[in-house]
Amino acid sequence: MKPLAEITAEYLRDSGQFSLIAPMLIGKLGPKFLNPGPKSSLILTSGRVAERPVKGYTMGAHRAAGLYGMTRALALDLAPIRVNIVSPGATETEMWGDEAQRAARREMMKKLLLLGKAGTPEEVGEAYIYLMKDSNATGTVVHSDGGSLIQ
Ligand SMILES: NC(=O)c1ccc[n+]([C@@H]2O[C@H](COP(=O)([O-])OP(=O)(O)OC[C@H]3O[C@@H](n4cnc5c(N)ncnc54)[C@H](OP(=O)(O)O)[C@@H]3O)[C@@H](O)[C@H]2O)c1
């Protein structure tokens, strides 16, 4: 994601494919492939910047917060299919770069984060499993963010 000073209308249109357009189309088309009841669900992914922005990351906050709203609206439109969203904090994935970049970032996160470490995909994955299993959860957010909202 580019900082505010570098974004253009064209960049916003192109980069929105993944974060806003694809989830909306999944909301449109997903029900065709799902059983029509609360055992079925869609789960989107946002991030802590939806609720606690980071300087220089306005574009990310816009996307992340928009996904929260889209989740709640889709939950109304698609019911009784459920729609929820997971909000991770810093999580060590391929997004962090190659092994050297990941090692450097891991060290930095040890000092910065409340739990002394970033999340792992396995930890964040538990949030998705919970939302798949709880057939009473819809239109809601599950955080797996290492306490970043209270730090
Ligand atoms: N990692 C974090 O710290 C963090 C924190 C908060 C929120 N998130 C959010 O969590 C989500 C997953 O992130 P991640 O950390 O797992 O990133 P990642 O390891 O880089 O994985 C991103 C995935 O998205 C796919 N992808 C990217 N652009 C695509 C496109 N245009 N069409 C189809 N697939 C596309 C990639 O496919 P390929 O493998 O084929 O490239 C890859 O499988 C993202 O929405 C991210 O914003 C991540």
Side-chain angles (χ1 to χ4, degrees), residues 1-34 41-75 77-78 81-134 137-151:
M1 295 242 178
K2 291 186 175 180
L4 194 58
E6 292 173 27
I7 60 171
T8 61
E10 191 183 9
Y11 177 71
L12 287 172
R13 269 194 300 274
D14 289 349
S15 59
Q17 301 280 339
F18 180 56
S19 49
L20 293 176
I21 294 175
M24 183 81 84
L25 291 177
I26 289 168
K28 175 187 171 186
L29 298 172
K32 291 188 182 179
F33 302 94
L34 295 169
S41 77
L42 298 177
I43 307 174
L44 307 185
T45 303
S46 182
R48 59 148 291 194
V49 290
E51 291 165 79
R52 185 151 187 244
V54 173
K55 191 171 168 55
Y57 207 60
T58 295
M59 190 179 153
H62 163 249
R63 298 274 158 86
L67 285 165
Y68 274 20
M70 192 191 300
T71 297
R72 288 192 287 267
L74 284 174
D77 280 347
L78 304 191
I81 291 171
R82 299 176 298 108
V83 185
N84 294 293
I85 193 157
V86 172
S87 186
T91 307
E92 183 173 337
T93 67
E94 282 76 3
M95 189 184 264
W96 281 19
D98 62 26
E99 188 43 52
Q101 290 167 318
R102 286 167 74 160
R105 205 154 169 177
R106 208 177 292 135
E107 283 310 303
M108 187 177 76
M109 294 293 173
K110 272 186 196 171
K111 295 178 197 126
L112 283 179
L113 299 179
L114 189 63
L115 300 183
K117 64 163 200 70
T120 65
E122 290 78 9
E123 289 171 322
V124 177
E126 294 290 335
Y128 294 84
I129 292 167
Y130 161 71
L131 286 171
M132 281 185 238
K133 288 167 79 170
D134 183 351
T138 195
T140 198
V141 184
V142 172
H143 300 86
S144 177
D145 59 11
S148 61
L149 297 181
I150 56 167
Q151 196 176 9

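When a ligand or atom number is given, it counts from 1 through the structure's own listing order.
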Inset, instruction - Measure from the side-chain N and O atoms of N84 to the backbone N and O of V141, and report whether any donor-acceptor pair falls under 3.5 Å. - result: no

Legend entry - Protein heavy atom under 4.0 Å of atom 35 (C) of ligand 1: yes

Inset, instruction - Please confirm whether the backbone N or O of E92 pairs with a side-chain atom of R106, one donor and one acceptor, at under 3.5 Å? - result: no

Legend entry - Numbered atoms and elements of ligand 1 in range of A90, under 4.0 angstrom, heavy atoms: 3 (O)

Inset, instruction - Using a 4.5 Å cut-off on heavy atoms from C-beta on, say whether the side chain of E6 contacts that of Y11. - result: no

Inset, instruction - Go through ligand 1 atom by atom and flag the ones less than 4.0 Å from a non-hydrogen atom of E94. - result: 19 (O)

Inset, instruction - Would you mind reporting whether R63 and L12 have side-chain heavy atoms less than 4.5 Å apart? - result: yes

Legend entry - Sequence-distant partners of E123, salt bridge (Lys or Arg N to Asp or Glu O under 4.0 Å), two or more places apart: K117

Legend entry - For T45, atoms of ligand 1 separated by under 4.0 Å from a heavy atom: 9 (C), 10 (O), 11 (C)

Legend entry - 4.0 Å protein heavy-atom contact status of atom 2 (C) of ligand 1, strictly under: yes

Legend entry - Proximity flag S46 to ligand 1, non-hydrogen atoms under 4.0 Å: yes

Legend entry - Sub-4.0 Å protein heavy atom next to atom 38 (P) of ligand 1: no

Legend entry - Spatial distance of atom CG (L25) from atom CD (Q17) [nearest 0.5 Å]: 9.0 Å

Legend entry - Interfacing atoms of ligand 1 (cut-off 4.0 Å, heavy-atom, T91): 1 (N), 2 (C), 3 (O)

Inset, instruction - For atom 11 (C) of ligand 1, decide whether some protein heavy-atom distance is shorter than 4.0 Å. - result: yes

Legend entry - Protein contact for atom 24 (O) of ligand 1 (heavy atom, distance under 4.0 Å): yes

Legend entry - ligand 1 contact by S19, heavy-atom criterion under 4.0 angstrom: no

Inset, instruction - Going by heavy-atom distance to atom 17 (O) of ligand 1, choose the closest among R105, Q17, M95. - result: M95

Legend entry - Partner set under salt bridge (Lys or Arg N to Asp or Glu O under 4.0 Å) for E107, not counting sequence neighbours: K110

